[in-house]
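Below is one structure, written out as structure tokens; comments come after it.
What you are looking at is a predicted structure, and each value in this text was computed from that prediction instead of being measured. The first residue in the sequence is number 1, and the count goes up from there.
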Amino acid sequence: MILITANELNFKQHLNKQIQHYSGGNKRKVSAAIALIGYPSILLFDEPTAGMDIGARRLLWKQIWKLREEGRSVVLTSHS
């Protein structure tokens with residue numbers, strides 16, 4: 001699952017780096033990927049796209065929509 005998510009969230013090229021060397025946006029992607037491990041039925045995201053570039057935001061939102069279509073519950077918090 002993590003490799004599929006790395007492809008889908010576009011951070012596969014960074015998998016050989018330690019997370020301390022990731023940008024803030026890539027750290028967010030990894031956090032989202034970790035939340036997806038084990039196919040949980042309920043996902044809680046706190047500002048999941050904060051600090052991400054526009055392309056990365058779009059990729060994460062596509063994944064969130066896929067989760068919703070699979071019948072999983074997604075709870076998001078936002079300051080927007």
Side-chain angles (χ1 to χ4, degrees):
M1 176 73 174
I2 188 73
L3 290 177
I4 294 169
T5 304
N7 283 329
E8 293 171 343
L9 294 178
N10 196 27
F11 68 91
K12 184 178 179 185
Q13 67 273 19
H14 301 291
L15 288 177
N16 62 344
K17 298 179 187 176
Q18 294 180 354
I19 197 157
Q20 66 190 15
H21 300 294
Y22 280 26
S23 67
N26 281 327
K27 286 179 182 178
R28 289 278 186 168
K29 292 177 194 178
V30 171
S31 294
I34 289 170
L36 298 171
I37 293 174
Y39 298 100
S41 57
I42 300 173
L43 291 131
L44 306 171
F45 287 115
D46 180 27
E47 295 278 343
T49 59
M52 288 186 185
D53 62 84
I54 294 171
R57 286 180 187 197
R58 186 173 303 126
L59 291 171
L60 183 55
W61 281 114
K62 284 182 182 180
Q63 293 306 307
I64 290 172
W65 279 105
K66 282 183 184 179
L67 296 171
R68 189 179 148 275
E69 290 170 356
E70 292 174 0
R72 298 196 229 174
S73 298
V74 180
V75 178
L76 300 167
T77 62
S78 175
H79 294 284
S80 299

*asked:* As a test of understanding, state which of Thr77, Leu60, Val74 forms a side-chain contact (heavy atoms from CB on, under 4.5 Å) with Pro48.
replied: Leu60

*Test side chain to side chain contact (heavy atoms under 4.5 Å, CB included) applied to Phe11 and Val30, step by step*: CA-CA 8 Å; Phe11 68 91; Val30 171; 3.7 Å; yes

*When rounded to the nearest 0.5 angstrom, what is the spacing between CZ in Arg72 and OH in Tyr39?*
7.0 Å

_Can you give me the closest heavy-atom contact between Pro40 and Ala35, atom names plus distance?_
CG-O, 3.3 Å

*Do you reckon Leu44 sits in the same ILVMFWY cluster as Leu67, going by side-chain contacts under 4.5 Å, direct or chained?*
no

*Separation between CG of Leu59 and NZ of Lys29, rounded to the nearest 0.5 Å*: 7.0 Å

_Interatomic spacing from CD1 in Ile19 to NE2 in His14 - rounded to 0.5 Å_ = 11.5 Å

_Is it the case that the side chain of Arg28 and the backbone of Thr49 share a donor-acceptor pair, with hydrogens and angles ignored and the cut-off at 3.5 Å?_
no

*To the nearest 0.5 angstrom, please state how far the CD atom of Gln63 sits from the CG atom of Leu43.*
11.5 Å

*In Å, rounded to the nearest 0.5 Å, how long is the span from OH of Tyr22 to OG of Ser31?*
11.0 Å

*Could you go step by step and tell me if Ile34 and Leu36 meet the side chain to side chain contact (heavy atoms under 4.5 Å, CB included) rule?*
CA-CA 5 Å; Ile34 289 170; Leu36 298 171; over 6 Å; no

*Output the distance between atom CZ (Arg57) and atom CD1 (Ile64), rounded to the nearest 0.5 Å.*
11.5 Å

